[in-house]
There are 2 protein chains.
Amino acid sequence: MLITGGTAHAQDGSAGPIMLTTMSTSLHHRAIEHLGTRIVSGALPTGHVMLAEQLEDELKVSRSVVREAVRVLQSLGLVETIKRVGIRVLPASRWNPFDPLVIRWRLAGEGRGAQLRSLAELRSAVEPVAAELAARNAPEEIRRELLDVSLAMRDAGQAGNVAEFLQLDIQFHSLLLTGSGNEMFANLVGQVAETLTGRTVHGLMPDHPRETALQWHVDVAEAIAAGDAAAAREASSRIMRETISEMEAGWRDQPRVFIPRQQG
Amino acid sequence: MLITGGTAHAQDGSAGPIMLTTMSTSLHHRAIEHLGTRIVSGALPTGHVMLAEQLEDELKVSRSVVREAVRVLQSLGLVETIKRVGIRVLPASRWNPFDPLVIRWRLAGEGRGAQLRSLAELRSAVEPVAAELAARNAPEEIRRELLDVSLAMRDAGQAGNVAEFLQLDIQFHSLLLTGSGNEMFANLVGQVAETLTGRTVHGLMPDHPRETALQWHVDVAEAIAAGDAAAAREASSRIMRETISEMEAGWRDQPRVFIPRQQG
DNA sequence: TGACACCGATGTGTGCTGACATCAAAACTC
DNA sequence: GAGTTTTGATGTCAGCACACATCGGTGTCA
């Protein structure tokens, strides 16, 4: 495809030479974002085949950028490249559901409900165990901080200060996960924060959290401070049960899939 | 920076305990593998800076290959690229601990013990919840299959048939996770299989699994078949407790880290 | 004389392009 | 229908232009 001489880096748009750059992210990231969101949203359905050249044209970027973006999407399980065929969109069962990018894209689109359910269920599984581990292993400083935050949460909750409560809630659960000393648990902090903010933003959160729920957070912190693993687990379980039942309405209509994760 | 010297492309020639591989022999994959293993193993320490040109030379590949590989490693949180500086190795707290590649590399090297502990703890958190969900939601076919497999496990266990037991064990837990209808749980199948084989290969598995443990698997399957979520959870919890206590010795000396997840 | 600010040189990632290699699907020949 | 050739896509390579962070030199001011 000879492209005639003109400026190769034609930054379309009328305005002249400047204005590019600092457009937030690199071309590479923008390409990943563009393709990722369209695949996860379903705009590019499973089995859809694209050509690298077509993507260059569509995204107005060069081969390098397209190729590097496709490589990353490939490592996320979103696409595969086949010689003589092109770049094929893979079924959702091949996506890596733990990748932050994939989670973000799903939360931004159709799959939001199902994604929130998955995260909430994962949280409900992990947090009680994290509380147990924290009670056994967490350093003194984290135990103390957990106590402080839980008490502050109670105050903010009783005062109906939603914004501060959310911030403390996130901090509490982050400390809990970090304090477990399990790096996989600790890495869920971001996703947990996402579900908590999601709950608040979507009005699933009562203005005044139930008094008992507030006390449970204090119970968790006190049990961890005291090194009582069983109590920490039990109190955390109660929080999780409450949380799930609060949010359940948001995804009741979402279908579940029972397809084994394919390949590796 | 003396590096290499020896075999640059040293593909573990020894008996690879893990079966995947298939060695796609793509230059791109080899570059990822080469750098990934060396970073995760600690051969390239945190903060170490490499130059793209140096990597081309070291791996004997062109710019494109190096750049695409670095992009992928960047998306895994293993490295960052800085203009005018080079490609810098990031601390382990930035790695994505859920990525299959990272997990595989850690299992293959120093971090094996810590990785197995993380996976086992994650499993112990997830499986009881998965059992609960399966009891509520799994399709009839999976419930039936779970029952069949659990009975076959009991037979193989009593007969001391280790190889067959392992295979059935993996199948059982895969069915359980898949049957939960939670895509994140289902995606842990591969990692669970890894821990199970690891346990067997490293002799942490008794030749004749305890009779009670075998029965617990049947209990889980029967509870799921009957739709009894609480019983399924309880029986699964028992299995997890037993499993953890069996394997615990393998990682008792591994240090825990309490660093909050970084980046975003 | 010394400390600080400015500014250009330098080096390295980022992005673009043309060319060739490779390989598998599709078309073709026998 | 089986084997062979053609075709068309990704895979790989090499060179260039550009953006920009860092470094070091130079000038100014105290």
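A note on names: the letters A, B, ... follow the listed sequences, proteins ahead of strands, and every chain is numbered from 1. Because only heavy atoms are used, hydrogens play no part in the values below, and waters and symmetry mates are left out as well, while side chains stay in.
Note on Arg88(A): nothing from the nucleic acid sits closer than 4.0 angstrom, heavy atoms only.
Between Ile82(A) atom CD1 and dT10(D) atom P there is a gap of 11 Å when expressed in whole angstrom units. Summarising the geometry, the separation between CG on Leu59(B) and P on dT12(D) is reported as 13 Å, rounded to the nearest angstrom. The distance from atom CD of Glu53(B) to atom P of dG15(D) is 11 Å, rounded to the nearest whole Å. The distance between atom CD1 of Ile32(A) and atom P of dG15(C), rounded to the nearest whole Å, is 11 Å. Rounded to an integer number of Å, the gap from Met50(B) CE to dT12(C) P is 14 Å. Separating the CZ atom of Arg84(B) from the C1' atom of dG11(C) is a distance of 5 Å, rounded to the nearest angstrom. When the C1' atom of dC13(D) is taken as reference, atom NE2 of His28(B) falls 16 Å away, rounded to whole Å. Residue Glu56(A) contributes atom CD, which lies 14 Å from atom P of dG15(C) at whole-angstrom precision.
Partners of Trp105(A) under the side-chain hydrogen bond (donor to acceptor under 3.5 Å, both in side chains) rule, at least two apart in sequence or in another chain, are Glu33(A). Here Phe258(B) pairs with nothing under the ring-ring contact (aromatic ring centres under 6.0 Å, His included) rule; sequence neighbours left out. Shown here are the salt bridge (Lys or Arg N to Asp or Glu O under 4.0 Å) partners of Arg84(B), two or more places apart in sequence or in another chain: there are none. Under the salt bridge (Lys or Arg N to Asp or Glu O under 4.0 Å) criterion, Arg112(A) pairs with no residue at all, not counting sequence neighbours.
Contact of the Ile103(B) side chain with the Met184(A) side chain is registered, since non-hydrogen atoms from C-beta on lie closer than 4.5 Å.
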For a quick test of your reading: what N or O donor-acceptor pairs under 3.5 Å do the side chains of residues 162-171 of chain B make, sequence neighbours left out?
| unit_1 | atom_1 | unit_2 | atom_2 | d |
| --- | --- | --- | --- | --- |
| Glu164(B) | OE1 | Asn161(B) | ND2 | 3.0 |
| Asp169(B) | OD1 | His173(B) | NE2 | 3.0 |
| Asp169(B) | OD2 | Arg199(B) | NH2 | 3.2 |

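The stretch residues 61-70 of chain A touches DNA chain D through Arg67(A), each having a heavy atom under 4.0 angstrom from the strand.
Between Thr81(B) and dT12(C), a side-chain N or O to OP1/OP2 separation shorter than 4.0 Å is absent.
Below the 3.5 angstrom threshold, one finds a donor paired with an acceptor across the side chain of Lys83(A) and the base of dT22(C).
With hydrogens and angles left out, the side-chain atoms of His34(A) and Arg38(A) include a donor and acceptor closer than 3.5 Å.
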